[in-house]
Amino acid sequence: MHKDTTIPAAEPFTEEQIQRRRRLQREKAERDYISDMEEARREGLREGFEKGINEAIKKGIKLGIMQVAANMLAVGMDIRQVASITELSEAELDALKRGV
């Protein structure tokens, strides 16, 4: 005897099944979009925070150097010597000395 090896024909989907599948695909696409946008937002916030911290650190260092330079000038150190030590320009030190 010979076995029948034909593949049975797939039953066609009903209109309700087709609509349900489309709705599920649409919902998944919306969830994926929202998830991607939330991740992009978190990444943007993280980058902005890091940039802000780095700029704040640089600004703090500059202010510290300016304070030290002001103290050096206040005790009578030569402006060229202070410029050499602090790596501030003589114009910056002159403005600092004048209190600008």
Pairwise side-chain contact, E43 with E47, heavy-atom cut-off 4.5 Å (strictly under): yes
Please assess K62 against L88 for the test side-chain contact (heavy atoms from CB on, under 4.5 Å), listing each intermediate value before the final yes or no. CA-CA 9 Å; K62 178 79 170 191; L88 296 173; 3.5 Å; yes
What's the verdict on side-chain contact (heavy atoms from CB on, under 4.5 Å) for M72 and L93, showing C-alpha distance, side-chain angles and the deciding distance? CA-CA 10 Å; M72 295 167 111; L93 293 171; over 6 Å; no
What one should report as the nearest heavy-atom pair of E90 and A83 is CG-CB, 4.0 Å
Heavy-atom count around [X] [atom1] within 6.0 Å, excluding the residue itself: above 12?
X   : atom1 : answer
E87 : CD    : no
E16 : CD    : no
R80 : CZ    : no

In Å and rounded to the nearest 0.5 Å, what is the [atom1] to [atom2] distance from [X] to [Y]?
X   : Y   : atom1 : atom2 : result
I65 : E92 : CD1   : CD    : 10.0 Å
M37 : D32 : CE    : CG    : 11.0 Å
S84 : D78 : OG    : CG    : 10.0 Å

Residues forming a side-chain contact (heavy atoms from CB on, under 4.5 Å) with L45, sequence neighbours excluded: R41
For Q19, all residues meeting side-chain contact (heavy atoms from CB on, under 4.5 Å), sequence neighbours excluded: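 E15, R22.
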Kindly work out whether a path of hydrophobic side-chain contacts (I/L/V/M/F/W/Y, heavy atoms less than 4.5 Å apart) joins L96 to L63. no
Might you work through the side-chain contact (heavy atoms from CB on, under 4.5 Å) test for L24 and E27, ending with a clear yes or no? CA-CA 5 Å; L24 291 173; E27 289 172 358; 3.9 Å; yes
Tell me yes or no: between the side chains of N71 and Q67, is some donor less than 3.5 Å from an acceptor? yes
Output yes when a side-chain donor or acceptor of S35 lies under 3.5 Å from a complementary backbone atom of R31, and no otherwise.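 No, the answer is negative, given that no donor and acceptor are paired below the 3.5 Å cut-off.
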Please walk me through it: do E55 and K58 pass salt bridge (Lys or Arg N to Asp or Glu O under 4.0 Å)? CA-CA 5 Å; E55 288 181 18; K58 288 177 185 176; over 6 Å; no
